[in-house]
Amino acid sequence: MFKAILIDKAENGQSVALADVADDRLPAGSVTVRVAYSTLNYKDALAITGKSPIVRSYPMVPGIDFSGVVEHSDDPQYKVGDRVVLNGWGVGEKHWGGLAGKARVDGGWLVPLQAPFTLRQAMGIGTAGYTAMLCVMALERHGVKPESGEVLVTGAAGGVGSVAVAILARLGYTVAAVTGRPQESDYLKALGAHEILDRAQFSEPGKPLAKERWAGAVDVAGGNVLANVCAAMRYRGTVAACGLAAGMGFPATVAPFILRGVTLAGVDSVMCPKPDRLEAWRRLARDLDPAVLDGLTHDVPLDGVIAAAGDLVQGRIRGRIIVPIHKD
Ligand code: NDP
């Protein structure tokens, strides 16, 4: 038996509880992992609260991320005792996920734990941090360099935003951080932001084009925020768009794209091909100071995850949550 958060269908939607689950209920897969740590991402919180239709089949164990130790393997790439990390691939949505004592997955979905990170630090990063790295790589791919000019990060006090600020600052970029929580200014400055901007400036419908300011941007918000960011990009600037915290809409015009040559680079972590994942984790090892993680993470036990999910969807969580399950 192992403990797991279990989401099931109920008359008025779904039920969610911490349950004891028998090993023989684990789904099919070539590798069984004893989960050491999981985490709580925005998508997990949507799944647990039922706020968006993330769960594709019931019953479901949520958790799009886990790190742990291989307990059984039919995959020649992994042997018992290997330390592994999983991010995405539909795990926690259509395949049982990481908010559990055990997980069984396709070995092709796993990546080896990247030195120098511990299993705990890998979940301090999690999908949010790995997505932040994919966003930085997208900016670089489109030629945004520290000397190109200021870069902007929206939703900066959240998971993706916090890690993006920390990475960009370490790489030498001048980073402006957008937040709806001015009380987090000192936290964001400690991560490396040189300026804090009030989210309210970005939340209302704006003009098709604004004064050119940003050479690059990482946007987790979508909606009016993304439209206003695009409108204020410098000539040939790039926006890496990965989220919808402000909404799924994109009420913009084509003006920034056809008059300023702005690039809107979409970033997806879930189905991201393995070579790019491995590159993102290598880059995280190089460009994210592991010591910074201590300042942007806090622990929530498995039996506190359901309450924390409610806080997360309401934007009340700072940085990243780590869920210790079998500590290493
Ligand atoms: P968090 O909840 O940790 O952070 C989201 C942050 O967005 C909040 O902390 C808040 O930051 C800001 N925010 C909240 N509401 C609004 C709003 N109405 N308008 C503008 N900003 C808002 O989530 P994550 O960082 O884990 O994820 C951020 C987004 O990225 C989510 O939409 C998520 O689904 C998406 N995502 C996408 C991935 C992909 O593969 N494409 C992978 C991972 C995440 P503050 O308080 O500082 O304003």
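Here the structure is a predicted model, which means the values were calculated and not measured. In listed order, ligands and their atoms are each counted from 1.
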Ionic contact status for [Y] with [X], cut-off 4.0 Å:
{"X": "D186", "Y": "K189", "answer": "no"}
{"X": "D299", "Y": "R120", "answer": "yes"}
{"X": "E195", "Y": "R213", "answer": "yes"}

Would you say [X] contacts ligand 1, with heavy atoms under 4.0 Å as the rule?
{"X": "L244", "answer": "yes"}
{"X": "K43", "answer": "no"}
{"X": "G315", "answer": "no"}

How far is [atom] from the closest protein heavy atom, and which atom is that?
{"atom": "atom 34 (O) of ligand 1", "result": "Y42 CD2, 3.4 Å"}
{"atom": "atom 44 (C) of ligand 1", "result": "V160 CG2, 3.8 Å"}
{"atom": "atom 12 (C) of ligand 1", "result": "G155 CA, 3.6 Å"}
{"atom": "atom 10 (C) of ligand 1", "result": "R199 NH2, 3.6 Å"}
{"atom": "atom 47 (O) of ligand 1", "result": "T179 OG1, 2.6 Å"}
{"atom": "atom 37 (C) of ligand 1", "result": "C242 O, 2.9 Å"}
{"atom": "atom 3 (O) of ligand 1", "result": "G159 N, 2.8 Å"}

* Asked: For ligand 1, is there an N or O atom under 3.5 Å from any N or O atom of N41?
  -> no
* Candidate with minimal heavy-atom separation from atom 35 (C) of ligand 1, of G243, G266, S52, G319 -> G243
